[in-house]
Amino acid sequence: MALPATLDEAVDALAAEPAAVPVAGGTDLMAAVNGGLLRPTALVGLGRVAELRGWEYRDGHALLGACLTHARMGRPDFAALMPGLAAAARTAGPPQIMNAGTLGGNIISGSPTGDTLPVLAALEASLVIAGPGGARRDVPVSDLLVGREQLSPGELLAYARVPLLHAPQTFLKATGRTGPGRAVASVCVALDPAHREVRCAVGAIAPVPLRPLEAEQWISSLVDWDGARTVHPEALTAFGDYVAMTCIPDPEPDPGTGEIAALSPGLIHLRRTVAALARRALGRALS
Ligand SMILES: Cc1cc2nc3c(=O)[nH]c(=O)nc-3n(C[C@H](O)[C@H](O)[C@H](O)COP(=O)(O)OP(=O)(O)OC[C@H]3O[C@@H](n4cnc5c(N)ncnc54)[C@H](O)[C@@H]3O)c2cc1C
């Protein structure tokens, strides 16, 4: 396994061995290897690339290194900067997973239940991709998640570029009955006072995070941005329902009869869960 010490060395190592697979914390990769889904012939370990393990500020944004671990993102100094990501990182699996698992691995794995993904979607983060010869390109996180953009051979995810909004952000996650674990549904709410916007993304209920844009616009128009930044409690409930109905809509009418089939009990329950998460997430962000 190659163990480069800098980002450019890591890119060079990948370019030199096109079949090599990058590995950060290995939590997803090793699960795939152990499950027989992946047989990498060579690995490029990213654990020694110091520049990918921290963050820096640039032009009103934070550049978050791809090898930031969930444990590191959960600490108070990071939470003061990125409260939504910190809250998501604190729920991303048991402690040994949080100590090893990274932001970049979470993004590249792109699992529907990846906890950082709805936060990055709500914050409209972009990704800095590093390629051979010092090349860098920016890709919206949503484009990578839906497959409009992909990493080319020899490229690495280097940083997530996340706007600094200097306002409350919340992340809430519902898990199955067995307790802590993968999300059944998750919601991130981020306030953007400079643009008088409430941003929201719902995770885990679809292959990629969903943005309920009309619900965002509606609630943004009700927030008293120059005052206490509150809304009427009934508006919180209505927001939760609006988000849930947008993300889990009623079935389309039957083209022949015009009848609308009933939503399955499972989806009714999921809709209630999303509504409750969105209501609470907004309530906490505004409180
Ligand atoms: C028991 C268990 C519980 C878990 N619970 C949760 C949970 O609750 N929430 C959650 O979100 N996740 C959970 N996970 C998933 C996992 O921990 C995260 O997705 C983690 O963030 C992956 O990061 P990693 O560094 O371990 O990635 P790795 O396993 O090292 O890599 C994952 C993939 O990303 C690629 N990759 C990694 N870094 C880069 C890079 N910089 N550039 C290009 N490609 C890269 C690798 O080649 C690989 O394909 C769990 C996993 C386990 C095993």
Side-chain angles (χ1 to χ4, degrees), residues 1-4 6-11 13-15 17-35 37-49 51-53 63-74 84-121 127-131 136-137 139 141 144-145 149-160 171-176 178-186 188 203-204 209:
M1 174 158 87
L3 287 172
T6 68
L7 176 57
D8 285 332
E9 280 178 27
V11 171
L14 274 182
E17 176 54 89
V21 175
V23 57
T27 59
D28 281 336
L29 190 91
M30 292 318 294
V33 170
N34 293 339
L37 301 173
L38 197 67
R39 288 269 174 270
T41 52
L43 294 172
V44 175
L46 303 178
R48 292 192 185 162
V49 184
E51 65 205 90
L52 298 184
R53 298 180 69 87
L63 274 184
L64 310 179
C67 292
L68 268 169
T69 63
H70 295 295
R72 183 68 193 89
M73 291 190 288
L85 263 183
R90 285 178 188 145
T91 73
Q96 64 272 33
I97 295 298
M98 288 197 277
N99 284 333
T102 63
L103 176 64
N106 207 243
I107 296 168
I108 297 297
S109 286
S111 162
T113 59
D115 286 322
T116 66
L117 305 183
V119 184
L120 295 170
L127 305 174
V128 180
I129 309 296
R136 303 285 184 265
R137 63 187 179 102
V139 168
V141 70
L144 192 85
L145 293 178
E149 288 276 358
Q150 288 176 344
L151 295 194
S152 301
E155 285 189 323
L156 276 173
L157 169 58
Y159 303 98
F171 171 86
L172 294 176
K173 160 177 168 178
T175 56
T178 48
R182 296 293 194 143
V184 171
S186 62
C188 173

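Both counts, for ligands and for their atoms, begin at 1 and track the order of listing.
The heavy-atom pair separating Leu7 from Val49 by the smallest distance is N-CG1, 3.5 Å. Shown here for Thr27 and Ala100, the closest heavy-atom pair between the two residues is CG2-CB, 3.9 Å. Taking each heavy atom of Gly74 and Ala89 in turn, the nearest pair found is N-CB, 4.2 Å. Nearest heavy atoms, Val139 versus Leu144: CG1-N, 4.2 Å. Residues Ile97 and Ala92 share a closest heavy-atom pair of CG2-O, 3.8 Å. The nearest pair of heavy atoms linking Asp115 to Ala88 is O-CB, 3.4 Å.
Side chains of Asn99 and Thr69 form no contact here, defined as non-hydrogen atoms less than 4.5 Å apart. Put simply, the side chain of Leu52 does not reach to within 4.5 Å of the side chain of Leu157, judged on heavy atoms. For the pair Leu46/Leu156, a side-chain contact is recorded, criterion being any heavy-atom separation below 4.5 Å from C-beta on. Side-chain atoms of Leu117 and Ile107, non-hydrogen and from C-beta on, do get closer than 4.5 Å to each other. Taking the side chain as every heavy atom from C-beta outward, Met30 and Val23 never approach each other to under 4.5 Å. Side-chain contact between Val33 and Arg39 is present, with at least one heavy-atom pair separated by less than 4.5 Å.
When Val128, Leu103, Leu68 are each tested for a side-chain contact (heavy atoms from CB on, under 4.5 Å) with Tyr159, only one passes: Val128. Of the candidates Ile108, Leu64, Val141, Leu127 forms a side-chain contact (heavy atoms from CB on, under 4.5 Å) with just one, namely Val141.
Side-chain contact, Ser109 with Ser111: no donor N or O sits under 3.5 Å from an acceptor N or O.
Per-residue contacts place Gly181 under 4.0 angstrom from the following atoms of ligand 1 (heavy atoms of the residue considered): 8 (O). In summary, the atoms of ligand 1 found under 4.0 Å from a heavy atom of Thr91, numbered by their order in the structure, are 8 (O). Of all atoms in ligand 1, listed by their number and element, those nearer than 4.0 Å to a heavy atom of Gly114 are 11 (O). The contact set between ligand 1 and Ser109, taken as ligand atoms under 4.0 Å from a residue heavy atom, comprises 32 (C), 33 (C). The ligand atoms of ligand 1 that sit less than 4.0 angstrom from a heavy atom of Ala66 are 41 (N). Every atom of ligand 1 is numbered from 1 in the order shown, and the set under 4.0 Å from a heavy atom of Val23 is 30 (O). Ligand 1 places these atoms under 4.0 Å from at least one heavy atom of Leu151: 43 (C). Counting the atoms of ligand 1 from 1 in the order shown, those under 4.0 Å from a heavy atom of Lys173 are 8 (O).
Within the 4.0 Å heavy-atom cutoff, His70 counts among the residues contacting ligand 1. Residue contacts with ligand 1 leave out Ile107, since none of its heavy atoms falls under 4.0 Å from the ligand.
Scanning the protein for heavy atoms near atom 20 (C) of ligand 1, the closest one is Thr27 OG1, 3.5 Å. Residue, atom and distance of the protein heavy atom nearest to atom 52 (C) of ligand 1 are Ile97 CD1, 3.6 Å. If you check which protein heavy atom lies closest to atom 3 (C) of ligand 1, you get Pro94 CD, 3.9 Å. Of all protein heavy atoms, the one closest to atom 48 (C) of ligand 1 is Leu29 CD1, 3.8 Å. Closest to atom 35 (C) of ligand 1 among all protein heavy atoms lies Ile108 CG2, 3.5 Å. What sits closest to atom 47 (O) of ligand 1 on the protein, heavy atoms only, is Pro22 O, 2.5 Å. Looking only at heavy atoms of the protein, atom 41 (N) of ligand 1 is closest to Leu157 O, 2.8 Å. The protein heavy-atom contact nearest to atom 28 (P) of ligand 1 is Gly26 N, 3.5 Å.
Looking at Thr113 against ligand 1, only its backbone comes within 4.0 Å, counting heavy atoms. Here Ala24 has heavy atoms under 4.0 Å from ligand 1 in both its backbone and its side chain. Under 4.0 angstrom from ligand 1, there are no non-hydrogen atoms of Met98. Residue-level proximity to ligand 1 for Leu46 is carried by the side chain, the only part with a heavy atom below 4.0 angstrom. Within the 4.0 Å heavy-atom criterion, both parts of Asp28, backbone and side chain, lie near ligand 1.
Some N or O of Gly93 is nearer than 3.5 Å to an N or O of ligand 1, by distance alone. Between Asp115 and ligand 1, a contact under 3.5 Å exists for at least one N or O pair.
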